[in-house]
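We count residues from 1, following the sequence as given. Every value quoted in this text rests on a predicted model; they were computed, and no experiment measured them. Values below: all heavy atoms of this structure, side chains included; hydrogens, waters and symmetry mates excluded.
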Amino acid sequence: MSARGEVARVALLPGSSLELALEERPTQADLADYAAALKPLAEPGDRVCIDAASGGSFCVIAAPQLSDAELNDRAKRAGAPFIEAWNERP
């Protein structure tokens, strides 16, 4: 991943969830980079979470395209750059 933020932990439970824990709040560019790197690792239906120690955490349900069905209000607010980058990646 080319994002600038320090990654504290990556947890992968195949067929269940993928969590990226960050030491600080990611920038919009960081979120876009994380989406591009995490989408190939996630299976449809997996819970994909970005957990920033300083706030801004959110989760989505992996799908080829993230739509309102896979997003809650928090993800829509905190994860907009992540969601856009995810949907742009094949």
task = Step by step, work out the salt bridge (charged side-chain N to carboxylate O under 4.0 Å, His left out) result for Lys76 and Asp68.
result = CA-CA 9 Å; Lys76 290 176 195 174; Asp68 285 345; 3.5 Å; yes

request  = Evaluate side chain to side chain contact (heavy atoms under 4.5 Å, CB included) for Leu38 paired with Phe82, printing each intermediate quantity in order.
outcome  = CA-CA 10 Å; Leu38 294 175; Phe82 180 93; 4.1 Å; yes

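Checked by atom type and distance alone, the side chain of Arg47 never pairs as donor or acceptor with a backbone atom of Ser17 at under 3.5 Å. Side-chain N or O atoms of Lys39 include none that pairs as donor or acceptor with a backbone N or O of Ala62 at under 3.5 Å. No donor-acceptor distance shorter than 3.5 angstrom exists from the side chain of Glu84 to the backbone of Pro81, with no hydrogens or angles considered. At distances below 3.5 Å, not a single donor-acceptor pair connects side-chain atoms of Glu19 with backbone N or O atoms of Cys49. No donor-acceptor pair under 3.5 Å is formed between the side chain of Asp46 and the backbone N or O of Val48.
When all heavy atoms of Leu71 and Ala75 are compared, the pair lying nearest together is CD2-CB, 4.2 Å. Between Ala35 and Ala85 the shortest heavy-atom distance is CB-CB, 3.9 Å. Considering every non-hydrogen atom in both Leu66 and Ile61, the closest pair reads CD2-O, 3.3 Å.
When only modelled atom types and interatomic distance are considered, Ser57 and Asp51 share a side-chain donor-acceptor pair under 3.5 Å.
Connection of Leu41 to Ile50 is established within a shared hydrophobic cluster, with ILVMFWY side chains joined at heavy-atom distances below 4.5 Å, either directly or through further cluster members.
Tested against Pro26 for a side chain to side chain contact (heavy atoms under 4.5 Å, CB included), the candidates Leu20, Asp33, Leu31 yield a single pass: Leu31.
Interatomic distance, CG of Asn87 versus OG of Ser67, reported as 8.0 Å (0.5 Å rounding). Here the straight-line distance linking atom CG of Leu18 with atom CG of Leu13 works out to 9.0 Å at 0.5 Å rounding.
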